[in-house]
Q: 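Quick one: the structure is below, and I'll ask about it shortly.
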Number of protein chains: 2
Amino acid sequence: MAVNKKEEFKKSEIELAEFAKAISHPARIAILKAIADRDVCICGEIVEILPLAQSTVSQHLKELKKAGLIQGTIDGTKSCYCINWKTFEKSANGLNAFFEKAKAKSEANKADCC
Amino acid sequence: MAVNKKEEFKKSEIELAEFAKAISHPARIAILKAIADRDVCICGEIVEILPLAQSTVSQHLKELKKAGLIQGTIDGTKSCYCINWKTFEKSANGLNAFFEKAKAKSEANKADCC
DNA sequence: ATTTTATATCGTAAATATACGATTAATATT
DNA sequence: AATATTAATCGTATATTTACGATATAAAAT
């Protein structure tokens with residue numbers, strides 16, 4: 001049980017799901033917001049803002065990085081993050097295309113059967 | 001440990017994250033697609049399409065229902081699902097507004113510091 | 001050189017998610 | 001009435017996520 005069946009889906013579905021998963025925690029939404037908000041990429045500031053321990057924030061940053069949504073560079077003892085706009089926009093557009101396509105179908109069908 | 005800190009974030013952040021979580025599994029993306037695709041709401045068809053056991057599909061349907069993204073009605077022995085467009089669009093628009101707002105900031109800042 | 005500061009990583013506990021088979025419940029078919 | 005069909009729910013195993021403190025690492029300040 002609990003065997004991973006995720007890979008048996010279409011690549012596009014897996015990618016959409018992965019992006020959604022990356023932003024499926026309020027901390028990660030808040031982090032993206034915080035980074036997008038400032039003109040200089042912040043770092044430990046995020047820890048100040050969030051109601052989470054430093055190590056937990058670091059973990060969330062790691063996941064956002066893994067998803068390619070943010071980038072980080074080390075600046076002295078500090079660590080500086082910014083949005084990776086290329087990936088961010090690409091993912092956002094992909095998700096939006098999914099929404100739009102679904103909506104288009106609904107226009108065509110119009111049959112609200114439930 | 002593993003205490004739930006999610007409720008300590010802003011309501012808007014929690015809502016965005018919850019929607020993202022609802023669509024954070026390829027099976028659920030595939031289910032939404034399948035339902036949106038047909039003009040008649042399907043049911044056991046979904047089980048045929050997905051590489052998952054009936055009970056697992058049922059579980060995923062339950063989660064989509066919990067998120068308000070789909071609705072179901074019983075029709076004899078069959079169960080008929082359709083997209084709850086009101087919630088779906090509202091959620092999709094909310095997420096999109098988040099993307100747009102972030103992007104707008106990036107236009108303003110332009111400082112790619114990393 | 002020592003201490004401080006900033007952040008990543010490790011270890012770990014607890015919670016949640018994923019998946020399935022078995023069972024249940026309720027309608028349909030024979 | 002007996003059986004078949006459909007889908008939800010239950011129980012359960014395993015995997016993943018979330019969270020923290022402790023520790024490690026590396027630069028900065030003293």
Side-chain angles (χ1 to χ4, degrees), chain A residues 1-9 13-14 17-31 34-35 40-67 70-82 114, chain B residues 1-9 13-14 17-31 34-35 40-67 70-82 114:
Chain A
M1 288 116 236
V3 178
N4 202 4
K5 293 278 186 102
K6 279 180 188 167
E7 297 310 317
E8 293 181 30
F9 292 87
E13 290 165 353
I14 294 169
E18 274 173 354
F19 173 52
K21 177 163 241 184
I23 58 172
S24 74
H25 193 290
R28 294 195 289 272
I29 297 276
I31 289 172
I35 299 180
V40 184
C41 314
I42 44 130
C43 36
E45 272 183 281
I46 299 167
V47 176
E48 297 263 298
I49 295 167
L50 302 197
L52 296 173
Q54 177 267 319
S55 56
T56 308
V57 171
S58 213
Q59 220 171 236
H60 282 300
L61 285 166
K62 201 179 176 184
E63 281 198 61
L64 288 170
K65 214 153 108 186
K66 199 188 76 189
I70 62 172
Q71 290 175 292
T73 37
I74 295 163
D75 174 24
T77 64
K78 309 204 175 177
S79 203
C80 178
Y81 284 97
C82 66
C114 296
Chain B
M1 288 117 235
V3 178
N4 202 5
K5 294 278 187 104
K6 279 181 187 168
E7 298 310 316
E8 293 181 30
F9 291 86
E13 291 165 352
I14 294 169
E18 275 173 354
F19 174 53
K21 177 162 241 184
I23 59 172
S24 75
H25 193 290
R28 294 196 288 272
I29 296 274
I31 289 172
I35 299 179
V40 185
C41 314
I42 45 129
C43 35
E45 272 184 282
I46 299 166
V47 176
E48 297 263 297
I49 296 167
L50 302 197
L52 295 173
Q54 177 266 318
S55 57
T56 308
V57 172
S58 214
Q59 221 170 236
H60 283 301
L61 285 167
K62 201 179 174 184
E63 282 198 60
L64 288 170
K65 215 153 102 186
K66 200 187 75 189
I70 62 172
Q71 289 175 293
T73 37
I74 295 163
D75 175 23
T77 64
K78 309 204 173 174
S79 203
C80 179
Y81 285 98
C82 65
C114 297

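Given the structure is predicted, the values throughout are model-derived calculations rather than measurements. Below, chain A is the first sequence line, B the second, and so on; all start at residue 1.
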Q: Closest heavy-atom contact between A:Leu50 and A:Ala27?
A: CD1-O, 4.0 Å

Q: Nearest-Å distance, NZ (B:Lys66) to C1' (D:dA8)?
A: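 Value for this atom pair: 16 Å.
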
Q: Rounding to a whole Å, what distance do you find between B:Leu52:CG and D:dA7:C1'?
A: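 After rounding, the gap between these two atoms is 15 Å.
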
Q: Using atom NZ of B:Lys78 as one end and atom C1' of C:dA25 as the other, report the distance to the nearest whole Å.
A: 18 Å

Q: Quick check on C:dA6: is either OP1 or OP2 less than 4.0 Å from any side-chain nitrogen or oxygen of A:Tyr81?
A: no

Q: Keeping B:Ser58 on the side-chain end and B:Ser55 on the backbone end, is there a donor-acceptor pair under 3.5 Å?
A: no

Q: Hey, which of these two, B:Thr56 or A:Asn4, hits DNA chain D nearer its 5' end, going by closest nucleotide?
A: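 That would be B:Thr56.
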
Q: Which letters describe nucleotides 22-30 of chain D, given B = protein heavy atom under 4.0 Å from base, S = only from sugar-phosphate, - = neither?
A: B----BS--

Q: Indicate the atoms forming the closest heavy-atom contact of B:Pro26 with A:Lys6, along with that distance.
A: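 Between these two residues, the closest heavy atoms are CG-CG, 3.8 Å.
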
Q: With side chains defined as the heavy atoms from C-beta onward, is the minimum distance between A:Glu7 and A:Ile14 less than 4.5 Å?
A: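 SC-SC contact between A:Glu7 and A:Ile14 confirmed.
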
Q: Could you tell me whether the phosphate oxygens of D:dT17, OP1 or OP2, come under 4.0 Å of any side-chain nitrogen or oxygen in A:His60?
A: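 Looking at the OP1 and OP2 atoms of D:dT17, neither is under 4.0 Å from any side-chain N or O of A:His60.
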
Q: Taking the side chain of A:Ser58 as its heavy atoms from C-beta onward, which of C:dA8, D:dA7, D:dA19 lies nearest to it?
A: C:dA8

Q: Output the rounded distance in Å from NZ (B:Lys62) to C1' (C:dC20).
A: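 Going from NZ in B:Lys62 over to C1' in C:dC20 covers 16 Å.
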
Q: A:Tyr81 and A:Leu61: which non-hydrogen atoms are nearest, and at how many Å?
A: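 Nearest heavy atoms, A:Tyr81 then A:Leu61: CE1-CD1, 3.7 Å.
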
Q: From the set C:dA19, D:dG21, C:dT18, return the single nucleotide nearest to any side-chain atom of A:Lys5.
A: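 Closest nucleotide to the A:Lys5 side chain: C:dA19.
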
Q: Please report the shortest heavy-atom distance between A:Cys82 and A:Ile35, naming the atom on each side.
A: CA-CG2, 3.5 Å

Q: Whole angstrom is fine here: how far is it from CD in B:Glu18 over to C1' in C:dA17?
A: 15 Å

Q: Need one value for B:Lys65: base, sugar-phosphate or nothing, where a base atom within 4.0 Å counts as base even if backbone is also close, heavy atoms only.
A: nothing

Q: Return the 5'-most residue of the pair B:Leu61, A:Lys21 with respect to DNA chain D, ranking by each residue's nearest nucleotide.
A: B:Leu61

Q: Rounded to whole Å, how long is the line connecting atom NE2 of B:His25 with atom C1' of D:dT16?
A: 11 Å

Q: Base, sugar-phosphate alone, or nothing: which one does B:Gln59 contact when heavy atoms must sit under 4.0 Å apart?
A: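 Answer is base: heavy atoms of B:Gln59 come under 4.0 Å of a base.
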
Q: Please find the pair of heavy atoms, one from A:Pro51 and one from B:Glu8, that lie closest to each other, and give the distance.
A: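 Scanning both residues completely, I find the closest heavy atoms to be CB-OE1, 3.3 Å.
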
Q: May I have the distance from B:Leu64 (atom CG) to D:dA7 (atom P), rounded to whole angstrom?
A: 16 Å

Q: Taking atom P of D:dT18 as reference, at what distance in whole Å does atom CD of B:Glu8 sit?
A: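 After rounding, the reported distance stands at 15 Å.
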
